[in-house]
**Student:** 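One structure coming up, written as structure tokens, with questions to follow.
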Amino acid sequence: MTSPSILPDDPSLCIPPMESDDENELNSQTAHNRAMVEYSARCGCFHCGGIFAGNEVAQWLQEDDGEDTALCPYCGVDAVIVGNEQYPVCMMVLSKLYMHWFGKEYRQRLEAATDMPTCGSHGDYLRKGLPFLTNHDRKITVVGEIELFPLSVYDRAEELCNESHPPRPVEYDDVDVYMGGVVTVHAGFDEHGYYYCDFITGSGVKLPYDAWNDVQQDLVSNLSRQYGDALRGIITDSLMHHMRLFIDADVAE
């Protein structure tokens, strides 16, 4: 089967907080749903993130105790919904349902991730469908795992504008902002003896985080000294707390 095109939501789209009852109601749409799906103009699959018209469904699971159940035209899984007034078929809804109902698979994808697109916040993470877009093709050697400590913008105002640090200082609205994908990691001590730990995006923006504690700061500093510009990091959870440190496999060799 072909992979779906992940269609990001409009940046202004918001949905109400999704409670367990809402997740259960939407999940109930995935069974005995032929009449609901077949003539719907917009359906979605919360296993693969595909969005499609109901008449694109070509395979149906024949049920003994009711009408047929739709199988996604992209992944073949019975996770097809039509949404409702509060939670229309959109990438935010599909992402949240995937993270809930396929939580084990989602966590495994994150654990194996070697790349992912950039995003600006947790809401942006959902709108862009990043739970469906982690990449696992890059050959890497994992050299460490750390937790991230969000830094206050006000505490870093002077540092962000310091000419000795990477370009393009950014005024962050809050400390939960993330503009990641794969980042370059630099850590150590500057000419004044002050410790620094920089996570820098491909566009030169420094993320407002540090390693969580002294032990992890020492780890990053030692790895940075060992691998230099080859040291990379990727944030592997949607709340932007956990980072995997790695180098490309050919560098390790």
Side-chain angles (χ1 to χ4, degrees), residues 1-16 18 22-23 26-27 29-31 33-34 36-61 68-139 178-183 201-203 234-240:
M1 294 185 178
T2 58
S3 299
S5 296
I6 302 301
L7 306 174
D9 298 326
D10 186 278
S12 64
L13 177 68
C14 290
I15 60 171
M18 193 176 288
D22 303 313
E23 293 166 338
L26 288 166
N27 185 59
Q29 295 183 2
T30 63
N33 57 6
R34 185 159 192 155
M36 181 189 300
V37 167
E38 201 164 22
Y39 299 105
S40 177
R42 187 177 175 90
C43 303
C45 172
F46 60 80
H47 176 255
C48 67
I51 295 176
F52 45 88
N55 60 14
E56 294 181 52
V57 175
Q59 292 184 302
W60 301 86
L61 182 64
D68 297 344
T69 291
L71 299 180
C72 173
Y74 293 107
C75 67
V77 174
D78 56 341
V80 177
I81 63 170
V82 299
N84 57 35
E85 186 174 352
Q86 274 193 311
Y87 302 103
V89 171
C90 63
M91 201 50 61
M92 288 192 82
V93 168
L94 297 180
S95 294
K96 288 182 73 69
L97 292 176
Y98 174 68
M99 293 163 67
H100 177 77
W101 292 105
F102 294 95
K104 182 178 180 180
E105 177 183 299
Y106 167 63
R107 289 188 294 274
Q108 289 174 338
R109 286 172 60 90
L110 284 179
E111 289 171 4
T114 58
D115 202 356
M116 65 175 65
T118 59
C119 66
S121 64
H122 182 58
D124 196 26
Y125 182 89
L126 300 174
R127 289 186 190 93
K128 291 187 175 183
L130 264 64
F132 305 111
L133 291 175
T134 55
N135 188 303
H136 314 87
D137 298 333
R138 188 174 184 170
K139 293 182 179 180
Y178 168 64
M179 293 173 289
V182 172
V183 299
T201 70
S203 55
I234 181 171
I235 293 179
T236 55
D237 71 307
S238 63
L239 296 178
M240 321 308 167

**Student:** Can you name the nearest heavy-atom pair linking Pro88 to Val93, along with the distance?
**Tutor:** O-CG2, 3.4 Å
**Student:** If every non-hydrogen atom of Ile6 is compared with every non-hydrogen atom of Phe132, which pair is closest and at what distance?
**Tutor:**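 That would be CD1-CB, 4.0 Å.
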**Student:** Would you mind reporting whether Pro16 and Tyr87 have side-chain heavy atoms less than 4.5 Å apart?
**Tutor:**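 A side-chain contact under 4.5 Å exists here.
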**Student:** Kindly indicate whether the side chain of His100, heavy atoms from C-beta on, has any atom under 4.5 Å from the side chain of Phe46.
**Tutor:** no
**Student:** Supply the atom-to-atom distance Asn27 CG to Asp78 CG, rounded to the nearest 0.5 angstrom.
**Tutor:**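 Taking CG in Asn27 and CG in Asp78, the distance rounds to 9.0 Å.
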**Student:** Once you round to the nearest 0.5 Å, how far does CE of Met99 lie from CG of Leu126?
**Tutor:**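 If we round to the nearest 0.5 Å, Met99:CE and Leu126:CG are 6.0 Å apart.
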**Student:** Would a distance-only check, ignoring hydrogens and angles, find a side-chain to backbone donor-acceptor pair under 3.5 Å from Asp9 to Met92?
**Tutor:**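 At least one qualifying donor-acceptor pair exists.
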**Student:** To the nearest 0.5 angstrom, please state how far the CZ atom of Arg109 sits from the CD atom of Glu105.
**Tutor:**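 Rounded to the nearest 0.5 Å, the CZ-CD separation comes to 6.5 Å.
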**Student:** Shortest non-hydrogen contact from Ile235 to Met116?
**Tutor:**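 Closest approach of Ile235 to Met116: O-CE, 3.4 Å.
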**Student:** Between Tyr106 and Tyr125, how do the two ring planes meet: parallel, tilted or perpendicular, split at 30° and 60°?
**Tutor:**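 Ring orientation of Tyr106 relative to Tyr125: perpendicular.
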**Student:** Could you walk me through whether Asn33 and Thr69 pass side-chain contact (heavy atoms from CB on, under 4.5 Å), step by step?
**Tutor:** CA-CA 5 Å; Asn33 57 6; Thr69 291; 4.3 Å; yes
**Student:** Going by heavy atoms in the side chains, are Cys90 and Leu13 under 4.5 Å from each other?
**Tutor:**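 Yes; the side chains approach each other to less than 4.5 Å.
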**Student:** Measure across Ile81 and Thr30 and return the closest heavy-atom pair with its distance rounded to 0.1 Å.
**Tutor:**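 Where Ile81 meets Thr30 most closely, the heavy atoms are CG2-CG2, 3.7 Å.
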**Student:** Can you tell me how far the CG atom of Leu94 sits from the NZ atom of Lys96, to the nearest 0.5 Å?
**Tutor:** 12.0 Å
**Student:** Could you state the interatomic distance from CD1 (Ile51) to CZ (Arg42), rounded to the nearest 0.5 Å?
**Tutor:**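 These two atoms lie 4.5 Å from each other.
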**Student:** Kindly indicate whether the side chain of Val57, heavy atoms from C-beta on, has any atom under 4.5 Å from the side chain of Arg34.
**Tutor:** no
**Student:** Rounded to the nearest 0.5 Å, what separates atom CG in Leu71 from atom CD in Gln59?
**Tutor:**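 Result: 6.0 Å between the selected atoms.
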**Student:** Are any non-hydrogen side-chain atoms of Ser95 and Leu130 less than 4.5 angstrom apart?
**Tutor:**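 They are not in side-chain contact.
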**Student:** At their closest point, which heavy atom of His47 faces which heavy atom of Phe102, and how far apart are they?
**Tutor:**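 In this case the closest contact between His47 and Phe102 is CD2-CE2, 3.6 Å.
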**Student:** Might you work through the side-chain contact (heavy atoms from CB on, under 4.5 Å) test for Asn84 and Leu26, ending with a clear yes or no?
**Tutor:** CA-CA 8 Å; Asn84 57 35; Leu26 288 166; 3.8 Å; yes
**Student:** Hey, are the side chains of Pro4 and Cys45 touching, using non-hydrogen atoms and a 4.5 Å cut-off?
**Tutor:** no
**Student:** Give the C-alpha distance, both sets of side-chain angles, the deciding distance and a yes or no for side-chain contact (heavy atoms from CB on, under 4.5 Å) between Leu133 and Lys128.
**Tutor:** CA-CA 9 Å; Leu133 291 175; Lys128 291 187 175 183; 5.5 Å; no
**Student:** Can you list the steps and then say if Tyr74 with Glu56 is a side-chain contact (heavy atoms from CB on, under 4.5 Å)?
**Tutor:** CA-CA 10 Å; Tyr74 293 107; Glu56 294 181 52; 4.2 Å; yes
**Student:** So Met91 and Arg127, do their side chains get closer than 4.5 Å, heavy atoms only?
**Tutor:**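 Counting from C-beta outward, Arg127 and Met91 never come under 4.5 Å.
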**Student:** Check whether any side-chain heavy atom of Pro73 sits under 4.5 Å from a side-chain heavy atom of Phe52, and report yes or no.
**Tutor:**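 A side-chain contact exists here, since the closest heavy-atom pair is under 4.5 Å.
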